[in-house]
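Order of appearance sets the numbers: ligands from 1, and atoms from 1 within every ligand. Note that the structure is predicted; figures quoted are calculated from it, not measured.
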Amino acid sequence: MTGAERIRGDNISFAYLTRSGETLALKNLELTVRHLEFCSIVGPSGCGKSTLLALISGLIKPTEGQILLDGVPLVGTTPRVGILLQKDHLFEWRTVLQNAVLGLEIQGKSDREGRERARELLALYGLGGFEDAYPYQLSGGMRQRVAIVRTLATDPDILLLDEPFSALDYQTKLLLERDVLRIIKERRKTALLVTHDIEEAVSMSDRVIVLSGRPAQVRNAYDIELSVPGERTPMTSRDAPEFRSFCKAIWEDLDVEQRDR
Ligand code: ADP
Ligand code: MG
């Protein structure tokens with residue numbers, strides 16, 4: 001069940017200043033993500049999706065408007081927010097365990113307890129026995145799992161995911177989508193996923209927000225209600241009778257955006 005408002009983007013605009021001028025990435029964008037909700041964002045390439053996540057992570061500040069977490073204005077980065085990116089950004093010279101504790105280390109919490117937690121998470125997510133391996137010895141899916149453990153080890157309550165599955169082959173991607181969704185639900189996280197994959201968005205989310213072309217504004221939003229017998233996974237979602245019509249509606253929104261350009 002989802003409840004109170006966890007993330008709120010209140011009338012946010014953001015402009016990049018470059019030598020050749022100003023690029024307005026977001027304009028008067030309004031966005032809310034509820035507590036425990038899994039929300040996805042789709043939009044044309046270059047419309048400002050990554051910029052939006054960078055704003056919510058506190059890495060950059062809006063030019064106008066503000067971001068609120070549980071109603072409190074965000075100032076700078078916070079350990080409450082964890083990020084997962086398309087590239088796993090593992091350090092090749094560190095072992096799996098050493099990579100997994102990196103976030104804890106940065107927060108000054110890589111003590112024995114922290115390391116134990118990272119070990120437990122590695123075991124839980126299929127990496128038991130690989131603690132002392134190096135990243136090059138792992139498959140793409142396993143590497144991304146290490147990145148997930150690194151993010152989870154610091155126990156953030158909000159996860160921002162910027163196309164974390166897009167570099168993986170189809171089979172690995174489906175399995176990892178399933179695992180990540182399970183982890184997020186079991187550990188009671190609020191999640192905001194950016195993806196260009198409409199099926200991924202619909203199959204994983206409680207809600208999908210469609211953005212317009214740059215500067216991004218909210219074009220449409222869909223509550224994804226699917227009839228799934230048993231556990232809802234990205235696989236079972238794809239078999240739901242409503243699945244195609246959600247995908248089609250979102251595809252049409254995006255198509256109109258491209259045509260209007
Ligand atoms: P998306 O993730 O939706 O593909 P981005 O948020 O990365 O889009 O970028 C939005 C717009 O801002 C694009 O036009 C991009 O070229 C521009 N942009 C992104 N990062 C920078 C930057 N560091 N400096 C200048 N312009 C940027
Ligand atoms: Mg991006």
Side-chain angles (χ1 to χ4, degrees), residues 7-33 38-67 69 74 76-77 81-90 140 143-144 147-148 151 156 158-168 173 176-177 180 184 190-205 207-222 247 249-261:
I7 307 170
R8 178 172 171 76
D10 180 17
N11 195 34
I12 44 180
S13 299
F14 184 84
Y16 287 102
L17 297 175
T18 59
R19 247 177 287 171
S20 52
E22 202 182 85
T23 303
L24 191 58
L26 308 173
K27 190 172 181 229
N28 306 118
L29 187 117
E30 293 285 339
L31 166 109
T32 57
V33 182
F38 192 113
C39 185
S40 286
I41 291 186
V42 296
S45 174
C47 78
K49 302 181 293 298
S50 294
T51 304
L52 179 59
L53 291 195
L55 285 163
I56 297 170
S57 73
L59 286 168
I60 54 176
K61 277 199 182 69
T63 318
E64 264 181 71
Q66 60 180 351
I67 312 279
L69 300 186
L74 179 68
T77 57
V81 176
I83 310 177
L84 205 58
L85 302 167
Q86 179 180 344
K87 289 191 65 188
D88 54 56
H89 297 282
L90 298 182
R143 293 180 61 114
Q144 194 57 288
I148 294 164
T151 302
I158 297 169
L159 286 180
L160 305 178
L161 307 113
D162 196 350
E163 312 210 24
F165 312 112
S166 60
L168 303 168
K173 180 177 145 119
L176 205 60
E177 285 171 3
V180 167
I184 283 171
T190 300
L192 188 57
L193 167 75
V194 161
T195 177
H196 61 258
D197 182 336
I198 297 173
E199 292 195 0
E200 177 175 296
V202 174
S203 68
M204 293 185 77
S205 309
R207 197 155 53 97
V208 177
I209 296 172
V210 185
L211 297 184
S212 70
R214 189 176 65 80
Q217 290 185 306
V218 174
R219 175 177 175 93
N220 225 329
Y222 297 86
C247 291
I250 293 167
W251 188 83
E252 280 167 0
D253 287 341
L254 290 173
D255 190 45
V256 171
E257 281 303 324
Q258 315 277 21
R259 246 184 293 145
D260 289 351
R261 312 247 93 205

Results of side chain to side chain contact (heavy atoms under 4.5 Å, CB included) for Asp88 - residues two or more places apart only: Leu90, Arg143, Gln144, Ala147
Partners passing side chain to side chain contact (heavy atoms under 4.5 Å, CB included) against Gln66 (at least two apart in sequence or in another chain): Asp10, Leu68, Pro73
Nitrogen or oxygen atoms of [X] and ligand 1 under 3.5 Å apart:
X: Lys49; value: yes
X: Thr51; value: yes
X: Ser50; value: yes
X: Cys47; value: yes

Student check: side-chain heavy atoms of Val81 and Leu160 closer than 4.5 Å: yes
Salt bridge (charged side-chain N to carboxylate O under 4.0 Å, His left out) between Glu163 and Lys49, intermediate numbers included: CA-CA 10 Å; Glu163 312 210 24; Lys49 302 181 293 298; 5.0 Å; no
Non-hydrogen atom of Gly43 closer than 4.0 Å to ligand 1: no
Any protein heavy atom nearer than 4.0 Å to atom 16 (O) of ligand 1: no
Ser45 backbone or side-chain N/O/S under 2.8 Å from the Mg ion (ligand 2): no
Atoms of ligand 1 close to Gly48 [distance to a heavy atom under 4.0 angstrom, numbered from 1]: 1 (P), 3 (O), 5 (P), 6 (O), 8 (O), 10 (C)
Distance from atom 4 (O) of ligand 1 to nearest protein heavy atom, with residue and atom: Gly46 N, 2.8 Å
side-chain contact (heavy atoms from CB on, under 4.5 Å) partner of Ile184, the single match among Leu161, Thr190, Leu193: Leu161
Under 3.5 Å donor-acceptor, Ser40 side chain and Val208 backbone: no
